[in-house]
Each structure stands twice: as C-alpha cells, then as structure tokens.
Protein chains: 2
Amino acid sequence: MANIKEIAKRAGVSVSTVSRVLNQHPYVSDLKRAAVQRVIDELDYTPNRLAVDLIRKETRSIGVIMPYNNNQAFDQLLHGVLNRSVELDYTVVILPTKYDPDKELSYLNMLKNKLLDGIIITSRSNTWDAILPYTKYGTIVACEFSDHPEIGCAYMDRYESYVNTFQLLKDKGHSQVAFTTARGEESNSTKLTIKAYQNIFGDLPSEYHIRDCYSIDDGVRAAQQLLHLDPRPTAVYANGDEVASGIYQHARSLQLRVPEDLAIIGQENQPVGIGLSLSTVDHQLVKVGEQAFDLTMNRSKDKIEIPYQIIVRHTT
Amino acid sequence: MANIKEIAKRAGVSVSTVSRVLNQHPYVSDLKRAAVQRVIDELDYTPNRLAVDLIRKETRSIGVIMPYNNNQAFDQLLHGVLNRSVELDYTVVILPTKYDPDKELSYLNMLKNKLLDGIIITSRSNTWDAILPYTKYGTIVACEFSDHPEIGCAYMDRYESYVNTFQLLKDKGHSQVAFTTARGEESNSTKLTIKAYQNIFGDLPSEYHIRDCYSIDDGVRAAQQLLHLDPRPTAVYANGDEVASGIYQHARSLQLRVPEDLAIIGQENQPVGIGLSLSTVDHQLVKVGEQAFDLTMNRSKDKIEIPYQIIVRHTT
DNA sequence: GTGAAAGCGCTAACAC
DNA sequence: GTGTTAGCGCTTTCAC
C-alpha cells in the first residue's frame with residue numbers, strides 16, 4: 001500500500017504538507033491541498049493508524065474486562081459502554097476473563113503496551129492491590145464502588161439495594177428467605193448479599209445460600225435444593241432473572257403457588273423476567289456502562305452512583 | 001516508559017540482542033540473555049505493541065460488525081466468536097453499526113488502515129459490491145451465505161429453515177399464518193422469510209407481515225395489530241423469542257388459548273422462550289460465531305453450513 | 001553469538 | 001505556507 005512518502009512524491013510536495021492536509025491543518029495553500037487530495041483519491045490512500053497511534057501515544061480505544069460474554073448482566077453493561085463509544089467514535093475491545101486472574105492481568109497489561117487508552121472493569125478477580133499499579137499506564141474505571149482515589153467508579157449501591165430487597169421480603173412477612181449468587185465469597189456481590197442478609201435476618205443457614213448460579217438451569221438446580229428443605233424457604237432472592245425463572249419453573253412443577261407458597265424476586269429486569277412477570281431489582285446496568293465509558297474518556301476518577309429500582313410484579 | 005534502547009544500554013548489549021530475547025530467539029548466550037532479562041524485570045519493561053505491530057504488519061485482532069449489541073441473536077454470534085478468540089489469544093473489537101452503511105464502511109476501513117487483521121460481518125447494510133473491495137486489505141467473513149469466492153461464510157440455511165417452519169405450521173392445519181421480521185425488504189432474512197412464506201402459502205397478505213420487531217414490546221405491538229384482523233391469524237412465526245413472548249403475553253391478555261387459538265413459534269432459543277416454554281427454531285448462532293472466527297483466523301474462504309434445530313415446546 | 005544500521009509509516013519542531 | 005529532519009519503538013537483514 002502506498003504511504004505518505006509516495007503521496008508526497010506524486011503530488012510534488014513534502015510529507016509534512018501531506019500530513020497537514022491529512023490532519024486538516026490550516027496554512028496549506030488551496031492549490032497544494034487540492035493536488036495532494038487528488039493523489040490521495042487516485043491511490044485510494046489511507047494513513048496507517050498504527051504509525052499514527054505510535055507517534056500520538058493514543059489509540060482512542062478502550063477495553064472492557066468482563067468475566068463472561070453470555071451473561072445478560074454483563075451484556076447490559078457492555079451495551080451501555082457501546083452506546084457512548086459509538087457516539088464519541090471510540091473503539092471498544094472485549095476482554096473476557098472467565099475470572100482467570102492471570103488473564104485479567106494480561107489484559108491490564110494492554111494499557112502498558114499502549115494498545116489501549118483505558119479499561120473498564122465490570123467485575124474482577126484480582127485484588128485492587130494487584131490492579132492499582134496499572135493505573136500508571138492508563139485510566140481504569142470500575143463498575144463497582146472502590147474508595148481508591150486512582151479508580152473512577154460508576155456503580156449502584158449494591159449493599160443498600162440488597163438490604164432493601166431483603167427488607168421488602170421481611171415486610172411481606174417472610175422469615176425463611178433464601179438467595180442465590182454467582183461466585184462464592186471471593187466475589188464482592190456475594191459478600192454484600194450475605195452481609196445484607198445478616199443485617200436483616202441475622203444468622204444465615206448455609207443451606208439458604210446457593211452458589212454458582214448463572215442460567216435458567218442453575219435456577220432449577222437451586223430450586224431443587226431449596227424446596228426440599230425443612231423448613232422450606234418462603235421466598236428467594238435470585239441473582240438474576242434467568243436464575244429466578246428457573247426457580248419459578250421448578251416451583252410451579254412442584255405445584256407451588258407463586259407468590260403465596262414461594263415469593264421470588266430476581267435482578268436486572270431481563271426479558272425472561274418481563275415475560276414471566278417476575279419481580280426484580282433493576283440495577284440499571286446500561287446506565288452504569290454509559291457512565292463508566294464517560295469516566296474513562298474523561299480520565300475521570302469520580303465516583304458516580306446510579307440509582308436502582310425495585311420492580312414489583314407478580315411474584316412477590 | 002523505558003524502551004528497548006534503554007534496556008540495551010543498561011544491559012550492556014545491542015538492541016538486536018534485546019529484541020532476540022524478547023522474541024525467544026535461539027543463539028543468544030545464556031549470560032547476555034540473563035543480563036537482559038534482569039534489566040527487563042528491574043524496569044518492569046513491556047514492549048510497545050504498536051511499534052511491534054507496525055513493523056510486523058499484523059495485529060492479532062479482529063473486528064465484529066454487528067448492527068446492535070443489545071440483541072440476543074447478535075450476542076450469541078459474538079459469544080461464539082469470543083469463545084474461540086480467547087483460546088487463540090486474539091483480540092476482538094466490537095463494531096456496532098445500527099445499520100448505518102457509512103459507519104459500516106468506516107469499520108471496514110480499519111482493515112485498510114492496519115488496525116484489524118480481519119472482520120466478521122454478522123449482518124450488513126451495504127451491498128456485497130461495496131464490501132468486496134476491502135477483501136484486498138484483510139479477511140472478511142460473513143455469518144450468512146454469499147457465493148462470492150472472496151468471502152468466507154459460516155451460516156445456516158435460513159431459507160430452508162423458514163420453509164420448514166412454515167411447513168410445520170401448515171401441517172398442523174394452519175392456513176392463516178402471520179410473521180414478524182426485524183428490518184424490511186432491505187434485509188436478507190426478511191426477503192428469505194417472505195419467499196419461504198410464499199413458497200408454502202402462496203400470496204402474502206401484507207397485514208400478515210409486521211416489521212421492526214426486536215423486543216418484547218415490539219411483540220406486543222405486533223400482536224395488537226395481528227389479533228384484531230379478520231380473519232385472525234391462527235399462527236405466528238416471530239423473528240426471535242423475545243418478540244414471540246410479547247405476542248404470547250398479549251394473546252393471553254386477550255384470553256386467547258395458546259396454541260389452540262394461536263400458535264406461536266420464535267427463533268434462537270433464548271431464555272425468555274425457555275422460561276415460557278415457547279416453541280422456537282434454534283439457528284445455533286453460537287456455533288456460527290465460532291466457525292466464523294476460525295475462518296477469519298485461517299484466512300479461509302470456505303462456506304460452512306451449520307445445522308439448525310426446530311424445538312417444539314408448548315406453543316405450537 | 002552479536003551489533004550496526006536501515007527501515008516500518010507517520011508527526012511535529014524548526015528553519016526558511 | 002512549505003520542506004527538512006529527527007524521532008516514535010520496534011524488527012531484521014547483513015556483516016563480522
């Protein structure tokens with residue numbers, strides 16, 4: 001492919017003049033500008049962005065670290081990021097970790113090797129201590145609250161949302177309340193869910209907490225474990241609407257009435273929840289993603305809280 | 001940040017030697033290799049990938065052109081791509097078009113300006129004629145069948161799948177069959193759906209075709225239009241399970257029995273369809289995405305067909 | 001085994 | 001307004 005030198009030669013000007021017209025600098029005579037443009041069109045020339053980025057020390061592209069890409073919650077976050085990135089003509093790279101800490105670190109390293117201007121962490125498996133050193137090389141924004149001054153945050157108040165949801169269940173007369181989570185205690189949301197539970201209900205019987213729940217099938221499995229317990233829980237707070245729908249499905253197959261025999265509330269206001277009219281708490285992840293992008297762009301280290309919304313439908 | 005020159009100086013060797021240890025070349029004495037490695041560790045040095053890519057003329061990253069990123073079907077495709085890209089240590093960039101042809105072209109241009117090695121097109125708004133010139137700059141793979149020899153394809157036989165689904169409905173005794181699509185006739189799937197319909201049922205009453213359907217709400221709207229028609233359709237083939245679930249919901253709110261009064265079948269085997277036990281035709285988009293990635297990687301121009309699956313549940 | 005040097009394709013400071 | 005030139009940070013001949 002032609003390069004800038006070739007264009008310069010053919011147009012009978014210097015490379016700097018070509019560069020000037022490429023970058024819409026003023027102070028280029030109309031004559032030369034036209035000549036250069038003509039050669040550019042003729043040769044169908046496009047500047048090599050690697051060379052440009054190398055010298056400009058900026059790529060206008062950011063990465064999004066996410067454990068899974070087949071998960072509605074993370075997709076909402078990503079969707080928010082993309083909403084804004086398209087508008088601002090940024091490029092976004094997906095960095096799927098499956099919660100492998102080394103993989104995660106290798107992605108953060110893309111800041112260091114100049115491939116990325118910034119990174120949004122939707123969920124992490126490394127400690128902040130391991131992540132912080134990378135702030136030296138680019139902006140890092142998290143979709144959870146972190147009090148570290150180097151980290152910008154777009155987040156919702158998970159703890160408060162969990163507390164309020166459990167309180168809602170308690171107010172409706174439930175005292176045997178179970179819940180599901182994705183990962184175990186290594187995860188921030190799991191920790192906060194447990195803490196919120198204990199705040200409202202006191203001791204947590206370990207059999208009331210089902211882990212590794214992501215899909216409808218996991219919800220069925222959770223229900224299988226939960227609904228044979230004695231005493232049987234009268235309500236369950238699922239960590240997503242897909243999981244909630246699996247629980248719903250299994251409860252119905254057991255002839256249980258929802259919500260009379262079993263109340264169910266999910267999270268994230270996903271299609272399956274709308275379809276089944278499941279109650280849910282919408283953490284507005286699309287907005288979180290949009291905010292996260294804006295923070296990244298602006299190299300901001302602000303902490304922005306996004307309000308959540310409890311949506312009561314027919315299952316609580 | 002330190003660069004290779006700095007490392008060379010501190011280690012008392014030439015830059016070529018540093019480059020050699022960086023790229024695990026043989027023929028470097030253990031002594032020098034160790035010295036270089038020590039300095040690298042000391043300075044926490046990482047090579048600048050922009051400079052490497054510039055000279056190597058390869059980025060190990062590919063783009064995925066997709067109209068929307070909040071659409072289950074495209075997410076499945078993307079999921080497939082990511083499954084394989086992670087394994088093979090490739091980077092993937094999301095290129096959302098909203099079906100803007102210019103935006104789409106500007107993304108294709110990333111091949112030309114060396115930012116991307118290849119591009120997967122999940123759905124396009126440009127004609128192939130407009131796209132083909134870009135094959136000169138990198139591999140282009142489509143998630144639909146194209147007979148052009150320059151384009152690799154991972155696809156399912158949409159037309160056959162549509163024909164078989166309409167035939168299934170006809171076999172069950174339906175003669176008043178409606179359907180929904182996303183875009184209008186500018187879209188390949190819409191065209192094929194119409195053609196398949198005509199093949200099975202003959203003339204298409206225009207009111208039996210509802211466009212611009214993507215979400216549950218769109219499904220509700222479609223049902224509102226469809227279910228007041230006279231004669232009322234007795235079956236509808238939705239272009240996705242979310243749309244199908246909106247139709248289901250509205251039909252139920254009208255006290256219609258499903259499938260007795262109205263049969264419904266969706267597409268892509270999405271969570272909401274599983275939750276509502278909706279019949280669906282699963283085009284195995286995850287597998288399509290995986291194949292598409294492999295074709296891109298191997299610079300292959302093969303045409304690979306992925307089998308689809310009709311899943312009959314409780315709504316047909 | 002090792003190093004000098006010529007690029008890769010571009011930008012921008014500087015001189016005119 | 002325009003051209004010369006010194007880089008950006010790296011890989012890779014080629015000669016020793």
Side-chain angles (χ1 to χ4, degrees), chain A residues 1-40 43-61 109-117 137-138, chain B residues 1-40 43-61 109-117 137-138:
Chain A
M1 251 262 308
N3 58 21
I4 198 172
K5 219 166 149 186
E6 174 82 13
I7 305 292
K9 197 167 72 187
R10 298 217 190 190
V13 301
S14 73
V15 292
S16 10
T17 298
V18 178
S19 175
R20 285 186 189 107
V21 349
L22 249 22
N23 298 289
Q24 359 260 12
H25 275 286
Y27 309 129
V28 181
S29 72
D30 289 351
L31 218 71
K32 302 222 167 186
R33 187 183 296 277
V36 168
Q37 194 56 57
R38 201 161 35 73
V39 178
I40 287 179
L43 267 56
D44 193 28
Y45 164 78
T46 304
N48 182 320
R49 272 281 303 268
L50 292 173
V52 175
D53 290 349
L54 172 60
I55 201 163
R56 288 225 179 110
K57 296 176 187 328
E58 194 198 57
T59 60
R60 291 188 72 80
S61 74
N109 208 54
M110 292 173 79
L111 292 174
K112 196 169 163 192
N113 66 26
K114 303 300 178 191
L115 244 26
L116 258 24
D117 292 350
Y137 309 111
Chain B
M1 249 257 314
N3 58 20
I4 197 173
K5 216 166 150 188
E6 174 83 15
I7 305 292
K9 196 167 73 185
R10 297 216 191 189
V13 301
S14 73
V15 292
S16 8
T17 299
V18 177
S19 175
R20 285 187 187 106
V21 347
L22 248 23
N23 298 289
Q24 1 259 9
H25 275 286
Y27 309 129
V28 180
S29 71
D30 289 352
L31 218 70
K32 300 220 169 189
R33 185 182 297 277
V36 169
Q37 193 57 57
R38 203 162 34 71
V39 179
I40 287 178
L43 266 56
D44 192 26
Y45 165 77
T46 305
N48 182 320
R49 272 280 304 269
L50 291 173
V52 175
D53 291 348
L54 173 60
I55 203 162
R56 288 221 181 114
K57 298 176 186 324
E58 195 198 56
T59 60
R60 291 189 72 79
S61 72
N109 208 53
M110 292 173 79
L111 293 173
K112 197 169 162 194
N113 66 26
K114 304 300 179 191
L115 244 26
L116 257 25
D117 292 351
Y137 309 112

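What you see below is based on every heavy atom in this structure, not just the backbone, and it leaves out hydrogens, waters and symmetry mates. In what follows, chains are A, B, ... by sequence order, proteins preceding strands, each numbered from 1.
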Undergrad: How close or far is atom P of dT12(D) from atom NZ of Lys57(B), stated in whole angstroms?
TA: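 Nearest whole value for this atom pair: 11 Å.
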Undergrad: With a 4.0 Å cut-off on heavy atoms, is Ser19(B) in touch with a base, just the backbone sugar-phosphate, or nothing at all?
TA: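 The answer is base, as Ser19(B) lies within the cut-off (heavy atoms under 4.0 Å) of a base atom.
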Undergrad: What do the steps show when you test Lys112(B) against Thr46(A) for side chain to side chain donor-acceptor pair (under 3.5 Å), and what is the final call?
TA: CA-CA 7 Å; Lys112(B) 197 169 162 194; Thr46(A) 304; 3.1 Å; yes
Undergrad: Side chain of Ser16(A), base of dT5(D): donor and acceptor closer than 3.5 Å?
TA: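 Such a pair does not exist between side chain and base.
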Undergrad: Look only at the side chain of Asn3(B) and the backbone of Lys5(B), and say whether a donor-acceptor pair between them is shorter than 3.5 Å.
TA: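 Yes: the side chain of Asn3(B) pairs with the backbone of Lys5(B).
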Undergrad: Given atom CG of Leu54(A) and atom C1' of dT11(D), what is their separation to the nearest angstrom?
TA: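 Distance, rounded to whole Å: 13 Å.
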Undergrad: How many Å lie between CD on Gln24(A) and P on dG1(D), as a whole number?
TA: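 Answer to the nearest Å: 17 Å.
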Undergrad: With a 4.0 Å limit, can you tell me whether Lys32(A) has a side-chain N or O closer than that to the phosphate oxygens OP1/OP2 of dG3(D)?
TA: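 For dG3(D), OP1/OP2 do have a side-chain N/O of Lys32(A) under 4.0 Å.
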Undergrad: In this structure, how many angstroms lie between the P atom of dC10(C) and the CD1 atom of Ile55(B), rounded?
TA: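 So the CD1-P distance, Ile55(B) to dC10(C), works out to 14 Å.
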Undergrad: Measure the distance from NZ on Lys9(A) to C1' on dG9(C) and round it to the nearest whole Å.
TA: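 Atom NZ in Lys9(A) sits about 15 Å away from atom C1' in dG9(C).
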Undergrad: Here's a test of your reading of the structure: between Arg33(B) and Ala51(B), which maps to the more 5' nucleotide of DNA chain C?
TA: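 That would be Arg33(B).
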Undergrad: For the atom pair CD1 (Ile4(B)) and NZ (Lys9(B)), what is the distance rounded to the nearest 0.5 Å?
TA: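 Here the interatomic distance stands at 14.0 Å.
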Undergrad: Please name the pair of heavy atoms, one in Leu115(B) and one in Ser61(B), separated by the smallest distance, quoted to 0.1 Å.
TA: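 That would be O-OG, 3.4 Å.
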Undergrad: Could you tell me whether the phosphate oxygens of dG9(D), OP1 or OP2, come under 4.0 Å of any side-chain nitrogen or oxygen in Asn3(B)?
TA: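 So the side-chain polar atoms of Asn3(B) do come within 4.0 Å of the phosphate oxygens OP1 or OP2 of dG9(D), strictly under.
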Undergrad: What is the distance, rounded to the nearest whole Å, between atom NE2 of His25(A) and atom P of dT2(D)?
TA: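 So the NE2-P distance, His25(A) to dT2(D), works out to 14 Å.
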Undergrad: How many angstroms lie between CE in Met110(B) and OH in Tyr137(B), if you round to the nearest 0.5 Å?
TA: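 If we round to the nearest 0.5 Å, Met110(B):CE and Tyr137(B):OH are 15.5 Å apart.
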Undergrad: Ignoring hydrogens and angles, tell me if any N or O in the side chain of Arg49(A) forms a donor-acceptor pair with the backbone of Thr59(A) under 3.5 Å.
TA: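 Looks like yes, one N/O pair under 3.5 Å.
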Undergrad: Nearest to the side chain of Ser14(A), heavy atoms from C-beta on, is which of dC10(D), dT4(D), dA5(C)?
TA: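 Nearest to the side chain of Ser14(A) among the choices is dT4(D).
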Undergrad: Counting heavy atoms from C-beta on, name the nucleotide in dG1(D), dT11(D), dG1(C) closest to the side chain of Tyr27(A).
TA: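 For Tyr27(A), the side-chain atoms sit closest to dG1(D).
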Undergrad: Got a donor-acceptor contact below 3.5 angstrom from the Asn113(A) side chain to the Asn48(B) backbone?
TA: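 No; judged by distance alone, with no hydrogens or angles, the pair does not exist.
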Undergrad: Using a cut-off of strictly less than 4.0 Å, decide whether Thr17(A) has a side-chain nitrogen or oxygen near OP1 or OP2 of dG3(D).
TA: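 So the side-chain polar atoms of Thr17(A) do come within 4.0 Å of the phosphate oxygens OP1 or OP2 of dG3(D), strictly under.
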Undergrad: Which part of the nucleic acid, if any, lies within contact of Val13(B), taking any heavy atom under 4.0 Å across all strands shown: a base, the sugar-phosphate backbone alone, or nothing?
TA: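 Here Val13(B) touches the backbone only, sparing every base.
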Undergrad: Would you mind classifying the nucleic acid contact of Ser29(A) as base, sugar-phosphate or nothing, using non-hydrogen atoms under 4.0 angstrom?
TA: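 Counting heavy atoms under 4.0 Å across all strands, the contact made by Ser29(A) is with sugar-phosphate only.
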Undergrad: What is the distance, rounded to the nearest whole Å, between atom CD of Glu58(A) and atom C1' of dT11(C)?
TA: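 In whole Å, dT11(C) C1' lies 14 Å from Glu58(A) CD.
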Undergrad: Tell me: CZ of Arg49(B) to C1' of dC10(D), nearest whole Å?
TA: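 That distance rounds to 13 Å.
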Undergrad: Base, sugar-phosphate alone, or nothing: which one does Arg20(B) contact when heavy atoms must sit under 4.0 Å apart?
TA: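 Arg20(B): base contact, heavy atoms under 4.0 Å.
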Undergrad: NA contact type, Asn23(B), heavy-atom cut-off 4.0 Å: base, sugar-phosphate, or nothing?
TA: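 Sugar-phosphate only.
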Undergrad: Work out how much the helix from dG1(C)-dC16(D) to dC16(C)-dG1(D) bends between its end axes, five pairs an end, to the nearest 10 degrees.
TA: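 Axis-to-axis angle, ends of the helix: 40°.
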Undergrad: On a heavy-atom basis, which atom in Ala2(A) and which in Leu43(A) lie closest, and how many Å separate them?
TA: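 Answer, listing the atom of Ala2(A) first, then Leu43(A): CB-CD2, 3.9 Å.
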